[in-house]
Peer 1: 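The structure's right below; bear with me while I get my questions together.
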Amino acid sequence: MAGLALAAIGIVYGDIGTSPLYSLKTVFDPAHGLPLTPANLVGVVSLIFWGLSVIVSFKYVTLVLRADNRGEGGIMALLALALGAVGDRRRMHLGLLLIGVFGASLFYGDSVITPSISVLSAIEGLEVATPALQAYVVPLTIVVLICLYAAQRHGTAGIGRWFGPVMLVWFAALAAMGVLNIVRSPGILVALNPWHAVRFFLDNRSLGFLALGAIVLAFTGAEALYADMGHFGRKPIRLAWFAVAFPALALNYLGQGGLLLARPDAIANPFYQQLGSWSVYPLVVLSTIATVIASQATISGTFSMTKEAIALGFLPRMRTVHTSEREIGQVYLPVINWLQLIAVLLAVVGFGSSDALASAYGIAVTATMLATTILTYFVIRYRWRMNLLLCLGATGFFFVIDAAFFSANVLKLLHGGWFPLTLGVLLFTLMLTWRRGRAQMFENLQKHAIPLDAFLESLFIAPPTRVAGTAIFLRGESDGVPHAMLHNLLHNKVLHERVVFLTVYIADEPYVDAASRIRITDLGHGCHQVDVKFGFKDEPDIPGILDQCAAHGLAFDMMQTSFFVARQTVISTPGGGMAPWREHLFVAMQRNARDAADYYRIPTNRVIELGTQVEI
């Protein structure tokens, strides 16, 4: 438990743990118009403290962590859980699908801003040491980020073990600095009274509402609690939060508030002025390391979510590299890595400072939080079958809070909020286009499908010449005769002595038990149907599955086995189900998708590809 909790400190809480670098500074940025007065300062610190208590401790740690999909978390796992809970209610199913996919899409926008603002805010400490170094902040940030993304192909198996201890030192430093400044200015402790948070809104009204757009920066990274549940488990994440992360963050925000009560001039960068000028350079080094770890967690989360989206049919297959022989979840997707780096560098260069990036940060985070709350309602109502009033009360309370934060961030749309939102809308369009295009392909194939049972019955009335060996034909869900088999019979006019039709199913759950993974049906005449079920986090390894078939009475010799795969060429035709530009987009995605044989780890020297055209 202690070891898992320590690891969770490094991976789960890196993002929210580095928020003190920029949160208070951004709230009282002169551009936002909120004056730095003792009453406003106490009110903001009170809002942050109670936000950490309500949003993180109550919503995520207490409620949302219970909504696990067989131990897995994250918005894609929650979406699969919610879709399964509502059953065949079509309108509800479609609405949840749109909400879940949009929330997942915005995660990609969030994952671009997190490395940008975290590393940039850490290196901005050099400006506090001496203004002469200001010109080097952005170039140094770019160098650090390029090195970070270039190292992704090697994985984190070697250095990952140090993440927990380093972040433990970071949280200890946060707590120590907080305690020191609270002792110097104990008046800040009145912020523990929630009335000061209420009075902040009563005194400031519209300005107080606008301030929510910056206050939410203190909670960014809360969604990582849920997304990483599958790696560490519910109890270690809760232990790490209540024993380390929450106390350290609360103390540091109170400490920064105490510093600003005594020295309002420190608002230019309160984090780096907590201990005095002597501590700036050591804090820059420690902050940079901490933000790199926080960024690494976000990058790894992006890889994991993309892998889940591919399995669930929302994105095309991509090249996936496994970077650890022992940890199956450690993957590297080159395309995602380099595209994300380009977007991160554009954000750093385009915005130029953590203050400017802060305006772009909140909208993606708050929209994802809102989507999580909505999906959670359907899980606890339709899957757990809890009382309606209890469901509405529990999720409605958090919905109001999330909606308030989201509304405040929407007002920053023209001041940087457009950037992550644009990225999110782009991913949303790609995901829905891919899913709709695949559905149209399936409908077209179904129209021309030849029932397998009837085909085999007629085929063996006058059977073709049988040749030695085993032929495995990949066959889609509910398909008829595989096109690859029809082309093989048409051109080669032979049939192997043993024929296997292999169908892969992806379940709406993260993992499938080995006992229920394989089902074999004898079709007669040396033909077999093999149904394989994977979870959306399982590794689709067909050779490994064939080895397991021996226990079911169907053994394979790979040197005597050939895999027949139909390479589908999609053709866009007028009058289809999608707009022409979406059809052309889908065709481009289909052409660049990783082929099925490579994705399922089938040895390339055992694969025979036969082409077929599909109109949409």
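Side chains are part of it too, since the values below use all heavy atoms of this structure and drop only hydrogens, waters and symmetry mates.
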Peer 1: Give a yes or no answer on whether the side chain of Gln256 reaches the backbone of Pro20 with a donor-acceptor pair at less than 3.5 Å.
Peer 2: yes
Peer 1: Give a yes or no answer on whether the side chain of Asn204 reaches the backbone of Phe200 with a donor-acceptor pair at less than 3.5 Å.
Peer 2: yes
Peer 1: When rounded to the nearest 0.5 angstrom, what is the spacing between CD1 in Ile9 and CH2 in Trp241?
Peer 2: 12.0 Å
Peer 1: Would you name the heavy atoms of Gly255 and Asn181 that are closest together and state the gap between them?
Peer 2: O-CB, 3.2 Å
Peer 1: Using distance alone, with no hydrogens and no angle criterion, decide if Lys59 and Thr376 have a side-chain donor and acceptor under 3.5 Å apart.
Peer 2: no
Peer 1: Under a plain distance cut-off of 3.5 Å, with no hydrogens placed, do Asp29 and Thr26 share a side-chain donor-acceptor pair?
Peer 2: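 Note: Thr26 and Asp29 side chains miss the donor-acceptor criterion.
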Peer 1: If every non-hydrogen atom of Leu207 is compared with every non-hydrogen atom of Pro35, which pair is closest and at what distance?
Peer 2: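 Smallest interatomic distance, heavy atoms only, reads CD1-CD, 4.5 Å.
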Peer 1: Would a distance-only check, ignoring hydrogens and angles, find a side-chain to backbone donor-acceptor pair under 3.5 Å from Ser185 to Gly258?
Peer 2: yes
Peer 1: Quick one, Gln273 and Arg263 - any side-chain contact, counting heavy atoms below 4.5 Å?
Peer 2: yes
Peer 1: Taking only residues at least two apart or on different chains, which pairs with a member in residues 264-292 satisfy ring-ring contact (aromatic ring centres under 6.0 Å, His included)?
Peer 2: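 For residues 264-292: Trp170-Phe271.
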Peer 1: Keeping Ser46 on the side-chain end and Ala191 on the backbone end, is there a donor-acceptor pair under 3.5 Å?
Peer 2: yes
Peer 1: Holding to ring-ring contact (aromatic ring centres under 6.0 Å, His included), I want the full list of residues that pass it with Tyr108, two or more places apart in sequence or in another chain.
Peer 2: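 None.
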Peer 1: Between CD of Gln152 and CD1 of Ile299, what distance do you get to the nearest 0.5 Å?
Peer 2: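 The CD1 atom of Ile299 is 4.5 Å from CD of Gln152, to the nearest 0.5 Å.
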Peer 1: Counting neighbours of CZ on Phe399 that are heavy atoms of other residues, nucleotides or ligands and sit closer than 6.0 Å, is the number greater than 12?
Peer 2: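 No, CZ of Phe399 has 12 or fewer neighbouring heavy atoms, counting only those of other groups under 6.0 Å.
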Peer 1: Counting only N and O atoms by type, is there a donor-acceptor contact under 3.5 Å from the side chain of Thr114 to the main-chain atoms of Ser111?
Peer 2: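 Pair absent, no side-chain N/O of Thr114 close to backbone of Ser111.
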Peer 1: Would you compute the distance between atom CZ of Phe405 and atom CG of Leu212 and round it to the nearest 0.5 angstrom?
Peer 2: 5.0 Å
Peer 1: Do other residues, nucleotides or ligands put more than 12 heavy atoms under 6.0 Å from the OH atom of Tyr136?
Peer 2: no
Peer 1: Taking Tyr377's backbone N and O only, do any of them form a donor-acceptor pair with Thr395's side chain (distance below 3.5 Å, no angle check)?
Peer 2: no
Peer 1: So, taking the atom named CE in Met369 and the one named CZ in Phe219, what distance separates them when rounded to the nearest 0.5 Å?
Peer 2: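 Between Met369 CE and Phe219 CZ, I get 8.0 Å after rounding to 0.5 Å.
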Peer 1: Grab the two heavy atoms, one from Phe209 and one from Ala408, that are nearest each other, plus how far apart they are.
Peer 2: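 So the minimum-distance heavy-atom pair works out to O-CB, 3.3 Å.
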Peer 1: Restricting to non-hydrogen atoms, name the atom on Ser116 and the atom on Val112 that form the minimum distance, rounded to 0.1 Å.
Peer 2: OG-O, 2.7 Å
Peer 1: If I take atom CG from residue Leu259 and atom CD1 from residue Ile267, how far apart are they, to the nearest 0.5 angstrom?
Peer 2: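 If we round to the nearest 0.5 Å, Leu259:CG and Ile267:CD1 are 9.0 Å apart.
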